[in-house]
Amino acid sequence: SFTSNNKAPYTVLVEGNIGSGKTTFLNHFKQFQDVCLMTEPVENWRNLNGVNLLDLMYKNPDMWAMTFQNYVTLTMLKNHIKQTEKPVKLMERSIYSARYCFVEKMLSSGMIQPGMYHVLQEWYNFIYEHHKIQADLIVYLRTSPEVVYERMQERARSEESCVPYQYLKDLHELHENWLIHGHHYRPAQVLVLDANLDLDNINAEYQRSENSILRPIVIENTN
Ligand SMILES: Cc1cc2cn([C@H]3C[C@H](O)[C@@H](CO)O3)c(=O)nc2[nH]1
């Protein structure tokens, strides 16, 4: 259908810790042709003109963590403002998890200095004031640090080989503070899924989210 409406699509932000199953979750929605999937641009972070910023960030954070988060902010903003004709847009993470989870973690762990932090905050404030970042639902793939630490090790992404358990535990607390306890701005209501479930049992949780995520398509088709 040539819906030439220029209204923003129903936008879902999929949030969760490292190893919480976000990519698997998004892949589940590949079956629906009316859903535009915006996966995390991690391949750009691993290869920007031949430079692996993700690896440099983990291996030499004092030198590279700021540059990495700077680039993450740019690539996430591009995902946020990317147009789609489809009625639903599913994004893996967002500029919000950049700000309220990862940058906070890097400041508290000394990977970035306060001066760098303030520059990033200025960018986030400017972006909010000048760009309507569409967000209609947040799906929080809630996990426990032990589960995601084990999955991260099984996945064995080379850049993450030196990420300690405590890093995931701290990131977990930051996600909980933001999405469960509401200590920071939440742009939309939060649907919490139990992402500790392994692949054999998680389909029931996916079904639960389908109703919320696909509802706009059903409504549009009935209009
Ligand atoms: C928005 C945002 C995503 C994101 C991912 N990461 C890291 C965590 C994982 O090791 C890898 C892929 O998600 O990138 C990060 O350090 N900062 C981030 N900020």
Side-chain angles (χ1 to χ4, degrees), residues 11-27 37-48 51-82 89-112 116-117 119-121 123-124 127-128 131 133 135 138-141 143 145 147-175 177-179 184-187 195:
T11 303
V12 181
L13 309 181
V14 181
E15 301 286 0
N17 206 343
I18 300 170
S20 57
K22 291 178 303 306
T23 304
T24 310
F25 181 83
L26 267 85
N27 285 341
L37 296 181
M38 304 289 286
T39 52
E40 199 174 48
V42 66
E43 289 318 310
N44 298 49
W45 308 338
R46 299 173 94 173
N47 181 1
L48 172 61
V51 179
N52 186 338
L53 293 172
L54 180 65
D55 194 51
L56 289 167
M57 177 273 291
Y58 277 130
K59 301 295 191 296
N60 186 356
D62 293 357
M63 175 78 75
W64 289 98
M66 170 59 181
T67 299
F68 175 75
Q69 283 305 339
N70 204 331
Y71 188 56
V72 166
T73 303
L74 173 62
T75 53
M76 295 312 290
L77 180 58
K78 286 179 179 178
N79 277 359
H80 280 296
I81 62 182
K82 188 165 171 43
K89 178 174 166 183
L90 227 48
M91 270 194 63
E92 186 177 3
R93 291 230 176 93
S94 67
I95 201 154
Y96 300 107
S97 37
R99 180 178 198 174
Y100 299 134
C101 300
F102 290 94
V103 168
E104 287 299 324
K105 172 58 192 160
M106 291 186 174
L107 175 70
S108 62
S109 56
M111 292 166 77
I112 62 174
M116 299 169 178
Y117 176 84
V119 168
L120 289 170
Q121 297 304 318
W123 274 110
Y124 296 133
I127 289 167
Y128 295 152
H131 259 290
I133 302 285
I138 297 173
V139 172
Y140 176 27
L141 299 181
T143 51
V147 169
V148 292
Y149 185 65
E150 196 179 306
R151 286 184 191 163
M152 183 184 77
Q153 293 189 309
E154 279 163 21
R155 179 174 65 190
R157 188 182 268 157
S158 59
E159 297 89 345
E160 296 165 348
S161 56
C162 57
V163 175
Y165 169 78
Q166 192 59 43
Y167 193 83
L168 297 183
K169 176 123 180 53
D170 296 346
L171 275 176
H172 171 74
E173 294 310 324
L174 285 161
H175 278 83
N177 288 347
W178 173 39
L179 296 174
H184 295 292
Y185 171 64
R186 286 172 293 186

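First listed ligand is number 1; within each ligand, the first listed atom is number 1. These figures come from a predicted structure and were not determined experimentally.
Residue C101 does not touch ligand 1, judged by heavy-atom distances below 4.0 Å. Within the 4.0 Å heavy-atom criterion, neither part of I95 lies near ligand 1. Under 4.0 angstrom from ligand 1, there are no non-hydrogen atoms of M91. For M57, every heavy-atom contact with ligand 1 shorter than 4.0 Å involves the side chain, none the backbone.
The atoms of ligand 1 that sit less than 4.0 Å from any heavy atom of M106 are 16 (O). Of all atoms in ligand 1, numbered sequentially from 1 with element shown, those under 4.0 Å from a heavy atom of S94 are 1 (C). Within ligand 1, counting atoms from 1 as listed, the ones closer than 4.0 Å to a heavy atom of R157 are 11 (C), 12 (C). The A98 neighbourhood of ligand 1 comprises atoms 1 (C), with distances under 4.0 Å to a heavy atom of that residue.
A centroid separation of 6.0 Å or more is found between the aromatic rings of F102 and Y96.
For Q121, the CD atom sits in a packed shell: over 12 heavy atoms of surrounding residues, nucleotides or ligands are nearer than 6.0 Å. Atom NZ of K82 sits in a sparse spot, with 12 or fewer heavy atoms from other residues, nucleotides or ligands closer than 6.0 Å.
Remark: R46 engages E43 in a salt bridge, criterion side-chain N to carboxylate O under 4.0 Å.
Every ring-ring contact (aromatic ring centres under 6.0 Å, His included) that F68 has, sequence neighbours left out, goes to W45. With sequence neighbours excluded, the residues forming a ring-ring contact (aromatic ring centres under 6.0 Å, His included) with F25 are F29, Y206, listed by chain and number.
For W45, no nitrogen or oxygen atom sits less than 3.5 Å from a nitrogen or oxygen atom of ligand 1, counting backbone and side chain alike. Below 3.5 Å of separation, one finds an N or O of E40 facing an N or O of ligand 1. Taking distance alone, with nitrogen or oxygen atoms compared against 3.5 Å, Q69 approaches ligand 1 more closely than that limit. In terms of polar-atom proximity, defined here as any N/O pair under 3.5 Å, Y58 does make such a contact with ligand 1. Ligand 1 has no N or O atom lying under 3.5 Å from any N or O atom of Y167, backbone or side chain.
Looking from atom 16 (O) of ligand 1 to the surrounding protein, the closest heavy atom is F68 CE2, 3.3 Å. From the protein, the heavy atom lying nearest to atom 9 (C) of ligand 1 is E160 OE2, 3.3 Å. At the top of the distance list for atom 2 (C) of ligand 1, counting protein heavy atoms only, stands V72 CG1, 3.6 Å. The protein non-hydrogen atom at the shortest distance from atom 14 (O) of ligand 1 is L54 CD1, 3.5 Å. For atom 6 (N) of ligand 1, the closest non-hydrogen atom of the protein is F102 CE2, 3.8 Å.
Checked by atom type, the side-chain pair Q166/D170 shows a donor-acceptor distance below 3.5 Å.
Ring-plane geometry between Y128 and Y124 is classed as parallel, the angle between the planes falling under 30 degrees on a 0 to 90 degree scale with a further cut at 60.
Residues V119 and M116 form no side-chain contact, since every pair of their non-hydrogen atoms from C-beta on lies 4.5 Å or further apart. For the pair E92/L13, no side-chain contact is recorded, criterion being any heavy-atom separation below 4.5 Å from C-beta on. Proximity of Q153 to E160: side-chain heavy atoms (C-beta onward) are nowhere separated by under 4.5 Å. Under the 4.5 Å side-chain criterion, counting only non-hydrogen atoms from C-beta, L120 is in contact with Q69.
Not close to ligand 1: M152, with no non-hydrogen atom less than 4.0 angstrom away.
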